**Student:** 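Got a structure for you, questions after.
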Number of protein chains: 2
Amino acid sequence: MVKRPADPTNASAPTARHVPMRDFSRSLPMSLLRAREAVMRQFRPALREHGLTEQQWRILRALAAIEAAEVTELARTAFLLGPSLSRILRDLEARNLIERKTAKADQRRSMVSISKEGVKLMASVAPSSEAIYAEITQRFGARKLVELQEMLGELELCLASTEAREEITDDA
Amino acid sequence: MVKRPADPTNASAPTARHVPMRDFSRSLPMSLLRAREAVMRQFRPALREHGLTEQQWRILRALAAIEAAEVTELARTAFLLGPSLSRILRDLEARNLIERKTAKADQRRSMVSISKEGVKLMASVAPSSEAIYAEITQRFGARKLVELQEMLGELELCLASTEAREEITDDA
DNA sequence: CGCATTCACTTAACATGTTAAGTATTTCCG
DNA sequence: CGGAAATACTTAACATGTTAAGTGAATGCG
C-alpha cells in the first residue's frame with residue numbers, strides 16, 4: 001500500500017519491503033486455502049447442526065463407502081494423519097457411530113466399521129450435503145468444476161514424487 | 001434416493017453402502033485439501049529449518065508487504081482468524097520478530113509491524129521459498145498455474161455472497 | 001528358539017482452526 | 001453528560017494438524 005522509495009535512514013519508520021517476494025495474496029497455497037475455505041463455509045453449518053465436524057464427516061463417508069477398513073487404510077482414504085484419526089475414532093466410538101474389533105490374524109490391526117447409528121446419522125446429513133454440493137456445482141458450472149478438479153489432481157500428481165529424496169539431497 | 005431395497009436383517013454384517021453419495025475421494029473439498037497439502041509439503045521443511053510455521057510465515061510476509069497494520073487488517077491479509085492471530089502475534093512478539101504499539105487515536109487498536117530481526121529472518125528464508133515456488137511453477141507449468149489460480153479465484157468469488165443470509169434462512 | 005527390526009497403532013506435546021464469551025474502549029444518541 | 005450498543009481485540013474451550021516418542025504385536029534371521 002505504501003510505495004515509498006528506499007529509505008536508508010529507517011530508524012523511526014517501521015521496516016518493510018526489504019525482502020521482495022511475489023505478491024503475497026496470489027501465492028498458490030493462499031489461493032488453495034481461500035478456495036477451500038469458501039467451499040467449506042458452505043458445508044460447516046449443516047454438519048454442525050448434526051454435531052459433526054468436517055473430519056468426522058469425512059471418516060463416516062469413507063466408512064460408508066468401504067464396509068470396513070483398517071485404521072491405516074482409513075487414514076489414507078479420509079486423508080487424515082494417524083494421530084488425528086486415533087483421537088477422532090475414539091470419540092466416534094464413544095458416540096456409538098462406529099465399531100471396531102481387533103483383527104484375529106494380526107492383533108496389531110483393528111478393523112473399523114460404521115455402526116447402525118452411524119448410518120442413520122449419515123442418512124440424515126447426506127441430503128443437505130448433496131444439496132449444497134449441487135448448488136456449488138450450479139454456481140460455478142459443472143464443466144468448469146470438472147476442469148478444476150482435473151487441474152488439482154495434476155498438481156498433486158506432479159508434486160507427489162518429491163517427498164522421498166529428502167534423505168538424499170539433505171547435504172546441508 | 002436409496003437404491004438398496006430395505007434389509008430388515010442387517011445384524012451380522014457390518015452395515016455399509018447404505019447412503020449413496022458422490023465418490024468420496026472426488027469431492028471438491030477433498031481435491032482442494034489434497035492439492036494444498038501437496039504444495040505445502042514442499043515448503044514446510046524449509047520453514048521448519050528456520051523455526052517458522054506456515055502461519056507465522058504468512059504473517060511475516062504480510063507485514064513485510066504493508067509496513068504496519070492493525071490486527072484486524074492483518075487477519076484479513078494473512079487469512080487467519082482473530083484468535084489464531086492473537087496467539088501467534090504474542091509468540092512472534094516474544095521472539096522479537098514483530099513490534100506492536102497501541103494506536104494513539106484509538107486505544108483499542110494496536111499497530112503491528114515487522115522488526116529488524118523479523119526482516120532479517122525473512123531475508124534468510126525468502127530465497128529457498130522462492131526457489132521452491134519456482135520449481136513448482138516449472139513442474140506444473142507457468143501458464144497452467146495462472147489458469148488454476150484464476151479458477152480458484154472465481155470459485156471463491158462465486159461462493160462469497162452466500163454467507164450473510166444464514167440469519168434469514170435459519171427458520172429451523 | 002531368541003532377539004533385533006519392522007509394523008500398526010496410540011500418546012504426548014505443541015500450534016492452529018473454530019466458536020463463544022470476555023474486556024476495554026469508543027461511538028451513538030437521548 | 002451518560003448509558004446502551006458497537007468495535008477491536010483477547011481468552012477460553014474444544015477439535016484437529018503436525019511431529020516425535022511410546023507400546024505391543026508380528027517378522028526376519030542367525
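Reckoned from all heavy atoms, side chains included, excluding hydrogens, waters and symmetry mates. Because the structure is predicted, anything quoted here is derived from the model rather than measured.
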**Student:** Any side-chain N or O of Q107(A) under 4.0 Å from OP1/OP2 of dA8(C)?
**Tutor:**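 So the side chain of Q107(A) is outside the cut-off, no N or O lying under 4.0 Å from OP1 or OP2 of dA8(C).
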**Student:** Is R44(A) salt-bridged to E49(A), going by a charged N under 4.0 Å from an acidic O?
**Tutor:**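 No, this pair does not count.
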**Student:** Please classify the nucleic acid contact of S86(B) as base, sugar-phosphate, or nothing, using heavy-atom distances under 4.0 Å.
**Tutor:**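 Base, at least one base atom sits under 4.0 Å.
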**Student:** dT19(D), dT7(D), dT16(D): which one has an atom nearest the side-chain heavy atoms of R109(B)?
**Tutor:**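 So the nucleotide nearest the side chain must be dT7(D).
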**Student:** To the nearest angstrom, how far is E37(B) atom CD from dT19(D) atom P?
**Tutor:**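 Going from CD in E37(B) over to P in dT19(D) covers 8 Å.
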**Student:** For L80(B), report the nucleic acid contact type (base, sugar-phosphate, nothing); a contact means any heavy atom under 4.0 Å.
**Tutor:**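 The residue L80(B) makes sugar-phosphate contact but no base contact.
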**Student:** If I take atom CZ in residue R90(B) and atom C1' in nucleotide dT10(D), what distance separates them, rounded to the nearest angstrom?
**Tutor:**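 The answer, rounded to whole Å, is 10 Å.
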**Student:** Got a donor-acceptor contact below 3.5 angstrom from the T77(A) side chain to the E73(A) backbone?
**Tutor:**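 Checked: pair present.
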**Student:** Please state whether the phosphate of dT18(D), meaning OP1 or OP2, lies under 4.0 angstrom from any side-chain nitrogen or oxygen of T53(B).
**Tutor:**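 Negative; the distance criterion is not met.
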**Student:** Please report, rounded to the nearest Å, how far the C1' atom of dC9(C) is from the CD atom of E93(A).
**Tutor:**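 In whole Å, dC9(C) C1' and E93(A) CD are 14 Å from each other.
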**Student:** Rounding to an integer number of Å, can you tell me how far L92(A) CG sits from dT10(C) P?
**Tutor:**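 After rounding, the gap between these two atoms is 13 Å.
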**Student:** Between dT10(C), dA15(C), dT18(C), which nucleotide has the shortest distance from any of its atoms to the side chain of Q56(B)?
**Tutor:**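 Minimum distance to the Q56(B) side chain belongs to dA15(C).
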**Student:** Would you tell me if any nitrogen or oxygen in the side chain of R100(B) comes within less than 4.0 Å of OP1 or OP2 on dT10(D)?
**Tutor:**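 Looking at the OP1 and OP2 atoms of dT10(D), one of them is under 4.0 Å from a side-chain N or O of R100(B).
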**Student:** In terms of side-chain geometry, is the basic nitrogen of E154(A) or K144(B) positioned less than 4.0 Å from the acidic oxygen of its partner?
**Tutor:**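 So E154(A) pairs with K144(B) through a salt bridge.
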**Student:** Does R108(A) get its side chain close enough to the base of dC9(C), under 3.5 Å, for a donor-acceptor pair?
**Tutor:**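 Check fails, no donor-acceptor contact within cut-off.
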**Student:** Could you pick out which residue, L81(B) or E73(A), lies toward the 5' side of DNA chain C when each is mapped onto its nearest nucleotide?
**Tutor:**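 This one resolves to E73(A).
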**Student:** Can you check the L52(B) CG to dT16(C) P distance for me, whole Å?
**Tutor:**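 About 10 Å, once rounded to whole Å.
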**Student:** Rounding to a whole Å, what distance do you find between M40(B):CE and dA15(C):P?
**Tutor:**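 Distance check: M40(B) CE to dA15(C) P gives 17 Å.
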**Student:** So, OP1 or OP2 of dG17(C): does either fall under 4.0 Å of a side-chain N or O from S84(B)?
**Tutor:**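 Result: yes.
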**Student:** Please tell me which of the listed nucleotides, dC9(D), dA20(D), dA20(C), lies nearest to the side chain of T72(B)?
**Tutor:**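 That would be dC9(D).
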**Student:** Could you pick out which residue, P83(B) or V71(A), lies toward the 5' side of DNA chain C when each is mapped onto its nearest nucleotide?
**Tutor:**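 Closer to the 5' end of DNA chain C: V71(A).
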**Student:** How close do R100(A) and V71(A) get, counting heavy atoms only, and between which atoms?
**Tutor:**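 Taking every non-hydrogen atom into account, NH2-CG2, 4.3 Å.
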**Student:** If you check the R87(B) side chain, which of dA15(D), dA13(C), dA13(D) turns out closest?
**Tutor:**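 Closest nucleotide to the R87(B) side chain: dA13(D).
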**Student:** Would you confirm whether Y133(B), through its side chain, and L28(A), through its main-chain N or O, come within 3.5 Å as a donor-acceptor pair?
**Tutor:**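 Yes: the side chain of Y133(B) pairs with the backbone of L28(A).
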**Student:** I'd like to know whether L60(B) forms a side-chain contact (heavy atoms from CB on, under 4.5 Å) with L52(B), so could you lay out the CA-CA distance, the side-chain angles of the two residues, the decisive distance to 0.1 Å, and finally the verdict.
**Tutor:** CA-CA 10 Å; L60(B) 290 183; L52(B) 287 175; 4.1 Å; yes
**Student:** Separation of L47(A) atom CG from dT16(D) atom P, in whole Å?
**Tutor:**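 Atom CG in L47(A) sits about 12 Å away from atom P in dT16(D).
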**Student:** Send over the distance from L89(A) CG to dC9(C) C1', rounded to a whole Å.
**Tutor:**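 Going from CG in L89(A) over to C1' in dC9(C) covers 11 Å.
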**Student:** With distance as the sole criterion, do the side chain of R44(A) and the base of dG17(C) form a donor-acceptor contact below 3.5 Å?
**Tutor:**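 Check fails, no donor-acceptor contact within cut-off.
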**Student:** When you match L85(B) and R58(A) each to their closest nucleotide on DNA chain D, which lands nearer the 5' end?
**Tutor:**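 Whichever sits nearer the 5' end wins; that is L85(B).
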**Student:** Side chain of I88(A) only, please: which of dT10(C), dA20(C), dT16(D) is the nearest?
**Tutor:**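 For I88(A), the side-chain atoms sit closest to dT16(D).
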**Student:** Would you say dG17(D) has OP1 or OP2 under 4.0 Å from some side-chain N or O of Q55(B)?
**Tutor:**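 Q55(B) to dG17(D) OP1/OP2: no side-chain N or O under 4.0 Å.
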